[in-house]
Amino acid sequence: MDPELPASSPAMSTAGGTDGAPERRLVFAFYLTGHGFGHATRAIEVVRHLIAAGHEVHVSTAVPEFVFTAELRSPGLHVRKVLLDCGAVQSDPLTVDPLASLEKYHQTAVVPRESILRTEAEWLRSVKADLVVSDVVPVVCRAAADAGIRSVCIGNFSWDSIYAEYIMAAGYPHRSIVWQIAEDYSNCETLLRLPGYCPMVRGLRKSRSEVRKDLGIAESTKVVIFNFGGQPAGWKLKQEWLPDGWICLVCGASDSQEVPPNFIKLEKDTYTPDVMAASDCMLGKIGYGTASEALAYKLPFVFVRRDYFNEEPFLRNLLEHHQSSIEMIRRDFLAGHWKPYLLRALTLQPSYDGPTNGGQVAARILQDIAVGKKCASDKFNGARRLQDAIVLGYQLQRTPGKDVGIPDWYSLNGTEIGAHPIIENTEKIKTAESCCEDFEILHGDLQGLTDTMAFLKSLSGLTGNELKDSEVQSRERTAASVLFDWEREIYVARAPGRLDVMGGIADYSGSLVLQMPLREACHVAVQRNHPSKQKLWKHVQARQLENTGVVPVVQIVSFGSELSNRAPTFDMDLSDFMDGDKPISYEKAREFFCQDPSQKWAAYVSGTILILMTELGVQFTDSMSILVSSAVPEGKGVSSSASVEVATMSAIAAAYGLNITPRDLALLCQKVENHVVGAPCGVMDQMASACGEANKLLAMVCQPAEVKELVMIPSHIRFWGLDSGIRHSVGGGDYGSVRVGTYMGRKMIKCAASDLVSVSSTSDAPAQSDDYKEKGRDVLKSEASMEYLCKLPPHRYEAAYSKDIPETITGDAFLEKYGDHDDMVTVIDPKRSYSVKAPTRHPIYENFRVETFKALLTAANTDEQLSALGELMYQCHYSYNACGLGSDGTDRLVNLVQEMQHRKTPENGGPNLYGAKITGGGSGGSVCVIGKNCLQSAEEIAEIQQRYKAATGYQPIVFDGSSPGAGKFGYLKIRRRLIITK
């Protein structure tokens with residue numbers, strides 16, 4: 001069971017490549033042992049590459065789902081919880097109970113064997129699996145054979161060799177288990193063996209300095225990471241065990257474990273590779289994940305040998321071969337005699353320089369096997385090596401003075417895979433001020449914004465030696481490097497995301513809203529060129545030669561596309577936006593951008609061009625190059641789409657000399673989202689991004705977009721955003737149905753008011769003074785013609801209309817009685833039932849809450865002021881929930897804020913956090929938190945962040961800080977400085 005890993009194998013030549021859609025979408029059933037997280041973390045890398053190639057992966061495992069979803073979010077990933085093996089039962093991180101392990105496997109996989117085989121075979125057929133991958137669950141190999149599907153094992157050991165030793169140690173009970181496992185494995189076609197030449201290493205998220213800064217550790221301090229996996233140990237750690245001045249970072253510590261001052265407990269879901277790379281050495285047990293990552297990061301490894309882990313000799317040999325490890329005797333480990341080992345570890349010079357892209361290589365091989373390419377080795381046949389593995393399991397006994405050599409079929413042979421290391425561009429951005437050395441700023445001001453400086457620096461990196469010297473470039477940077485003519489002017493605009501402090505979905509009902517522009521922003525660079533002088537990508541040039549010759553084109557590159565699973569580039573002829581001598585309809589534009597889901601994102605960018613053509617009559621005769629780089633994360637409810645639209649239109653307006661006020665630009669960008677993208681959002685997002693100012697709340701009435709004032713945030717108050725990790729989309733069904741329900745309620749109220757006007761005019765009306773009746777009729781007439789629901793005060797709603805608004809109504813019933821709901825951006829589905837009462841009530845009361853909130857901001861600085869502000873936010877949050885726009889994640893975050901607010905501690909003189917609410921369109925996204933502007937508040941926000949991560953596996957992004965809107969920023973007109981050589 002040994003694969004042939006060819007020296008040169010075109011990646012995904014049959015199934016599809018990483019640079020394009022696969023010829024055929026494959027379905028992989030990936031089974032993972034539930035023994036620890038190590039198998040899952042390495043498998044994630046394989047799964048990531050399979051999904052990136054356009055395939056579908058069903059993961060079946062007992063490992064918690066968050067282990068996968070925290071690292072990889074894709075519609076192509078499906079996690080199914082199932083227990084088909086049990087691994088090893090451990091009494092502590094270094095000790096296995098052999099008999100208990102065998103007995104548990106017997107109960108898990110032997111007793112229910114027939115049911116497992118039947119169930120799994122049926123399930124594999126139901127998902128239409130092309131290939132079964134096992135790491136290294138035995139029984140699924142037989143189940144795959146029963147279903148007529150080929151299977152592949154991937155791992156650095158097999159359970160038959162592991163359990164063989166357990167049988168020897170436990171006195172031979174359950175010995176038939178080993179032979180059954182071996183028989184199951186014999187149904188497997190291929191084994192991808194990992195140690196020595198195919199390490200799968202998780203990438204880093206933070207730099208060494210960032211990790212140390214987060215932990216409060218100086219760069220010069222020596223750090224050892226204490227890593228024995230997730231198994232609770234209960235060891236009592238002592239201060240004197242470390243050399244003077246050292247810090248020990250403890251992974252997997254229990255909540256109750258106390259540690260000395262020179263030890264730091266890491267959160268249970270800490271991203272271990274980052275911490276490893278920030279340490280000077282590691283103390284722990286040898287496992288596949290720790291070994292491969294220690295090699296990759298050249299981290300000296302002080303290991304303590306474990307009992308009954310037969311894969312350990314192979315990994316230990318690998319570490320020692322690359323001068324990466326020393327062994328600490330277990331006795332010295334338990335006695336705390338660590339110092340000499342740690343000091344010696346610093347003298348090691350790890351030498352591994354091999355590839356770390358095992359996940360990519362394994363994914364390529366799995367695809368080849370799935371489509372029928374031959375990957376069988378010409379070495380020993382599978383049955384022969386199975387026998388060898390079983391015999392080896394019996395031989396690997398820990399006896400004094402005895403060690404075991406690694407068999408030849410586990411020997412180091414890097415030439416077999418033809419894998420090449422992925423070289424990361426390690427060049428770091430120089431000081432922010434140096435960006436001005438590369439570009440002349442012909443118009444505008446950087447305003448001290450470091451993100452704008454960094455964007456200019458990234459532009460300068462697209463030309464010259466910096467790009468050419470890198471062996472590997474992302475597709476987006478390669479495309480961007482030929483996007484601009486560096487001798488011509490480039491126009492740069494910047495638009496921030498926004499934090500919805502109050503108002504939210506009441507914007508389309510005409511409510512007052514309060515929005516804070518975030519520190520995170522989108523930058524867009526635009527250059528216009530005559531079509532004959534436009535630099536074209538090769539496929540665009542070929543298209544023009546085939547068709548009508550040189551025509552104006554739009555070429556767009558989106559940085560960060562690889563993180564969002566979307567195509568990094570988009571191009572189109574501007575004639576695609578024309579229908580004869582007129583712009584195409586918005587409906588045709590939506591159809592145009594929906595043709596390729598991976599490029600649908602371009603509607604937010606190119607859609608601004610169509611809106612300018614349609615609404616302002618702008619004629620674009622030049623070609624256009626557009627580079628988009630956004631730091632506003634998508635799906636977090638902080639207006640990533642609005643920031644892209646506003647920045648793009650601002651840059652285009654600057655390049656073409658269009659004088660558009662920030663308010664008008666926001667309204668035009670709303671049309672992009674409503675009519676071209678097809679998302680029924682209000683205008684507050686675009687207004688906040690275009691008209692906002694740093695450290696101020698934009699107070700605006702959305703009727704349709706009237707800026708009331710910019711409210712300075714009091715110095716004693718601070719707002720934060722916390723991301724729930726649940727993706728938000730205003731194009732989602734919940735948001736749209738709530739909007740429909742709101743407009744239904746408005747129509748019902750208008751009809752009821754009209755009826756009341758008629759009744760009040762009859763002679764049967766109750767006796768009232770003429771003056772009162774006249775005023776009453778005026779009120780009713782106003783309500784009968786009401787354009788915005790927020791014009792209706794809460795007392796009028798309760799007095800006249802509340803009792804007659806139904807909780808729900810079906811679409812066909814509403815249409816039959818009332819006709820249309822008079823909303824241009826949503827359509828009523830006759831077959832659907834809509835909630836009406838809660839969506840109608842929400843904006844009426846929300847407008848009142850926002851007005852009150854704004855007034856309270858200018859009140860005296862007291863705890864009562866903060867409590868009242870927080871209460872208004874809580875009321876808003878629960879009103880969202882009543883509309884059906886809540887989520888478990890946002891509720892959890894709001895509950896954590898409430899816990900912080902109400903907890904009592906001896907040193908606590910009162911709360912620091914006072915309120916929280918879901919933001920924007922709801923149904924996930926972020927929450928806004930209000931609190932005192934003090935260190936304790938920031939610490940509590942960090943605690944909430946960690947507690948949420950501990951509960952869900954996801955660490956929220958914290959939005960903290962503000963920056964100017966697009967109108968305040970203006971635009972930059974820049975040109976690359978000429979390099980004069982002597």
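Since this is a predicted model, take the numbers as computed values, not measurements.
Residues K222 and D244 are not paired through a salt bridge, judged by the lack of any N-O separation under 4.0 Å between the basic side chain and the carboxylate. Classification of K265 and D255 as a salt-bridged pair fails, no side-chain N sitting under 4.0 Å from a carboxylate O. With salt bridges taken as basic N to acidic carboxylate O contacts below 4.0 Å, none links K213 and E210. Ion pairing of R947 with E899 is present here, as a side-chain N (NZ or NE/NH1/NH2) and a carboxylate O approach within less than 4.0 Å. Of the charged side-chain nitrogens involved, none lies within less than 4.0 Å of a carboxylate oxygen, so that R212 and D274 do not count as a salt-bridged pair. Note on E258 versus K236: no salt bridge recorded, every NZ/NE/NH1/NH2 to OD/OE distance being 4.0 Å or above.
Within 6.0 Å of the CZ atom in R205, the count of heavy atoms belonging to other residues, nucleotides or ligands exceeds 12. More than 12 heavy atoms of other shown residues, nucleotides or ligands fall within 6.0 angstrom of atom NZ in K298. More than 12 heavy atoms of other residues, nucleotides or ligands sit less than 6.0 Å from atom CG of D214.
For C934 against N912, the heavy-atom pair with the smallest separation is SG-OD1, 3.8 Å. Residues T919 and G637 approach most closely at OG1-O, 3.6 Å, considering heavy atoms. The two atoms that bring M516 and V501 nearest to each other are CB-CG2, 4.2 Å, heavy atoms only. For the residue pair D960 and R519, the shortest heavy atom distance occurs at O-CZ, 3.2 Å. Considering all non-hydrogen atoms of both residues, L32 and A43 come closest at CD2-CB, 3.4 Å. Summarising the geometry of Y341 relative to I326, their closest heavy-atom pair is O-CD1, 3.3 Å, with the distance given to 0.1 Å.
T890 and S887 share a side-chain donor-acceptor pair at under 3.5 Å. Side-chain atoms of H523 and S630 include no donor-acceptor pair closer than 3.5 Å. In this model, a donor atom of one side chain and an acceptor atom of the other lie less than 3.5 Å apart for R498 and S639.
In this structure a side-chain-to-backbone donor-acceptor pair under 3.5 Å is missing from S962 to L518. No donor-acceptor pair under 3.5 Å is formed between the side chain of E293 and the backbone N or O of P273. Judged by distance alone, the side chain of T61 and the main-chain N or O of V63 form a donor-acceptor pair under 3.5 Å. Of the possible donor and acceptor atoms, none in the side chain of S325 sits under 3.5 Å from a partner among the backbone N and O of F301. Between the side chain of K917 and the main chain of D500, a donor-acceptor pair closer than 3.5 Å is present. At least one donor-acceptor pair closer than 3.5 Å links the side chain of S724 to the backbone N or O of G925. Side-chain atoms of S643 never come within 3.5 Å of backbone atoms of C522 as a donor-acceptor pair (strictly under, hydrogens ignored).
W720 is not listed as a side-chain neighbour of F959, based on a closest heavy-atom distance of 4.5 Å or more. Side-chain contact check for K285 versus T290: every heavy-atom pair is 4.5 Å or farther apart. Inter-residue side-chain proximity for P300 and M282 is flagged as unmet; no heavy-atom pair is nearer than 4.5 Å. In this structure, S279 and V275 have side chains that are in contact, with non-hydrogen atoms separated by less than 4.5 Å. For the pair D451/R494, a side-chain contact is recorded, criterion being any heavy-atom separation below 4.5 Å from C-beta on. Using a 4.5 Å heavy-atom cutoff, the side chains of V224 and L249 are not in contact. Between I286 and L319 there is a side-chain heavy-atom pair separated by less than 4.5 Å. For the pair I930 and L913, the minimum side-chain heavy-atom distance is 4.5 Å or more.
In this structure, the separation between CD on E943 and CG on L896 is 9.0 Å, given to the nearest 0.5 Å. Interatomic distance, CD1 of I957 versus CG of L722, reported as 10.5 Å (0.5 Å rounding). The CD1 atom of I918 sits 7.5 Å away from atom CG of D891, with the distance rounded to the nearest 0.5 Å. K238 NZ to N262 CG: the interatomic distance, rounded to the nearest 0.5 Å, is 13.0 Å. Rounding to the nearest 0.5 Å places CG of N227 at 6.5 Å from CE of M276. Once rounded to the nearest 0.5 Å, the distance linking CD1 of I713 with NE2 of H716 reads 11.5 Å.
Here F228 and F333 bring their ring centres to under 6.0 angstrom of each other. Two rings, from W338 and F226, have their centers less than 6.0 Å apart.
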- R48 and Q360: side chain to side chain contact (heavy atoms under 4.5 Å, CB included), yes or no, with the steps? CA-CA 8 Å; R48 191 192 309 278; Q360 181 183 24; over 6 Å; no
- Decide yes or no on salt bridge (Lys or Arg N to Asp or Glu O under 4.0 Å) for K339 and E240, but give the supporting numbers first. CA-CA 9 Å; K339 293 180 182 178; E240 60 268 24; over 6 Å; no
- Mind running side chain to side chain contact (heavy atoms under 4.5 Å, CB included) on V259 and I264 for me, showing each step along the way? CA-CA 7 Å; V259 297; I264 298 176; over 6 Å; no
- Under the side chain to side chain contact (heavy atoms under 4.5 Å, CB included) rule, what do C281 and L342 come out as? Steps first, then yes or no, please. CA-CA 7 Å; C281 65; L342 299 179; 4.0 Å; yes
- Item | Full working for side chain to side chain contact (heavy atoms under 4.5 Å, CB included) between L237 and Q257 | CA-CA 9 Å; L237 305 172; Q257 183 176 359; 3.8 Å; yes
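The aromatic rings of H322 and Y352 sit perpendicular to each other, their planes meeting at more than 60°, with 30° as the lower class boundary.
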